[in-house]
Amino acid sequence: MSLTIMKMLFHKKSSLTVALPLTALLLAPSAGVHAESNFPLDAPLSADVCMTCHGGYGQGSEVVGGPKLAGMEPWYLKRQLLGFRSGFRGIEKEYIPAFEMRALAATLSDAEIDRVVADISEWQDVPATPTLEGDAEAGATLYTSCAACHGAQAEGNEALGAPALANRNDWYLLHELERFSVGQRGVHADDVGGQQMRAMMTSLPDENSWRDVLVYINSLSKLD
């Protein structure tokens, strides 16, 4: 079975919105294929696959659980895709979005991952809509321990492997903080960045602190 058909069958379980573009992709003439997967070289892989769960312009979808991809650093996006593919992310079956993401990433070659990352890097960033309430002043104090890795303006630091937090979906960050706190993420031996993040959770002991720091990060989220 070709990779294209596998992807169509996989996403049929998650969303019918991908069926039409993938069907068109199957019927469209192609200039060539990836030798390792038979996936058409001219197929808009990221547009047809990622947008199903992450929004029509990469803005994220709280309903589906797919976080905002527009504006995400290419190096961080690639690291996460490789993590899903290798299996240190998405191992918990009870968290369906991550488990499905792992299944999809397992079908991608190195070349396809690079192509997805390159495509998404060209998406126009869009403001993330704040959804949380909390104490931004208290959050500013809490964020001082986060700033060492993620930057004073939550802009991220590639050298430290810390992604930007500003202008991300606060509902998604809240969920990930919970996962780090309860040991659902950052426990795999190969997830070095996740292990570091999990260790830092001692500075954010409860959900109130998570909400406060995220409300503060929202105040730093500005796009030109």
Side-chain angles (χ1 to χ4, degrees), residues 14-15 17-18 46 49-73 76-77 79-81 83-84 89-90 92 94-102 104 120-121 123-147 149-157 162-186 193-194 197-198 200-224:
S14 301
S15 172
T17 61
V18 78
S46 63
V49 178
C50 303
M51 288 181 179
T52 306
C53 297
H54 295 276
Y57 47 99
Q59 77 276 21
S61 173
E62 186 174 4
V63 174
V64 180
K68 180 175 178 279
L69 298 182
M72 185 176 288
E73 305 95 319
Y76 183 71
L77 177 58
R79 191 177 80 186
Q80 298 312 302
L81 284 171
F84 279 116
R89 287 212 59 189
E92 66 279 12
E94 64 274 14
Y95 183 41
I96 295 175
F99 191 66
E100 288 188 340
M101 190 66 218
R102 181 187 178 194
L104 174 59
I120 291 175
S121 69
W123 291 356
Q124 183 177 355
D125 202 354
V126 292
T129 302
T131 67
L132 302 179
E133 295 182 356
D135 186 338
E137 185 175 349
T141 300
L142 291 167
Y143 185 74
T144 55
S145 60
C146 309
C149 292
H150 292 280
Q153 297 299 308
E155 73 275 18
N157 187 323
L165 302 177
N167 202 36
R168 300 288 96 197
N169 299 126
D170 57 9
W171 54 264
Y172 177 75
L173 294 178
L174 179 66
H175 185 271
E176 295 307 288
L177 287 174
E178 180 182 14
R179 291 178 65 211
F180 280 119
S181 178
V182 300
Q184 290 182 348
R185 184 173 173 186
M197 184 62 206
R198 187 165 183 238
M200 287 299 297
M201 289 303 295
T202 56
S203 64
L204 299 172
D206 54 38
E207 184 173 345
N208 285 336
S209 66
W210 307 341
R211 289 177 177 273
D212 289 345
V213 78
L214 292 175
V215 168
Y216 172 69
I217 290 172
N218 281 341
S219 73
L220 304 175
S221 300
K222 298 178 181 179
L223 288 175
D224 295 332

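Of all the heavy atoms in Leu214 and Asp170, the pair that sits closest is CD1-O, 3.7 Å. Heavy-atom minimum distance, Ile217 versus Ala154: CG2-CB, 4.3 Å. Taking each heavy atom of Gln59 and Gly56 in turn, the nearest pair found is OE1-N, 3.4 Å. Of all the heavy atoms in Gly65 and Tyr95, the pair that sits closest is O-OH, 4.1 Å. Between Ala162 and Cys149, the shortest heavy-atom distance links the atoms CB-O, 3.2 Å. In terms of heavy atoms, Ala98 sits closest to Phe84 at O-CE2, 3.6 Å.
Between the SG atom in Cys50 and the CE atom in Met101 there is a gap of 6.0 Å [rounded to 0.5 Å]. Residue Tyr57 holds its OH atom at 13.5 Å from CG of Leu69, rounded to the nearest 0.5 Å. Expressed to the nearest 0.5 Å, how far OG1 of Thr131 lies from CH2 of Trp171 amounts to 8.5 Å. Residue Leu174 holds its CG atom at 5.0 Å from CZ of Arg211, rounded to the nearest 0.5 Å. One distance of note links SG of Cys53 with CD of Glu100; it measures 6.5 Å at 0.5 Å rounding. Once rounded to the nearest 0.5 Å, the distance linking CZ of Arg179 with CZ of Arg89 reads 5.5 Å.
A heavy-atom distance below 4.5 Å is found between the side chains of His54 and Pro67. Arg168 places a side-chain heavy atom less than 4.5 Å from the side chain of Met72. Tyr216 has its side chain out of reach of Leu142: every pair of non-hydrogen atoms, C-beta onward, lies at least 4.5 Å apart. Under the 4.5 Å side-chain criterion, counting only non-hydrogen atoms from C-beta, His150 is in contact with Met197. Arg198 places none of its side-chain heavy atoms less than 4.5 Å from the side chain of Arg185.
Counting only distance, with no hydrogens or angles, the side chain of Glu155 and the backbone of Gln153 share a donor-acceptor pair below 3.5 Å. With hydrogens and angles disregarded, no donor-acceptor distance shorter than 3.5 Å links the side chain of Glu73 to the backbone of Pro163. For the pair Asp212 (side chain) and Glu137 (backbone), a donor-acceptor distance under 3.5 Å is absent.
The only option from Thr129, Asp125, Asn169 that meets the side-chain hydrogen bond (donor to acceptor under 3.5 Å, both in side chains) definition with Lys68 turns out to be Asp125.
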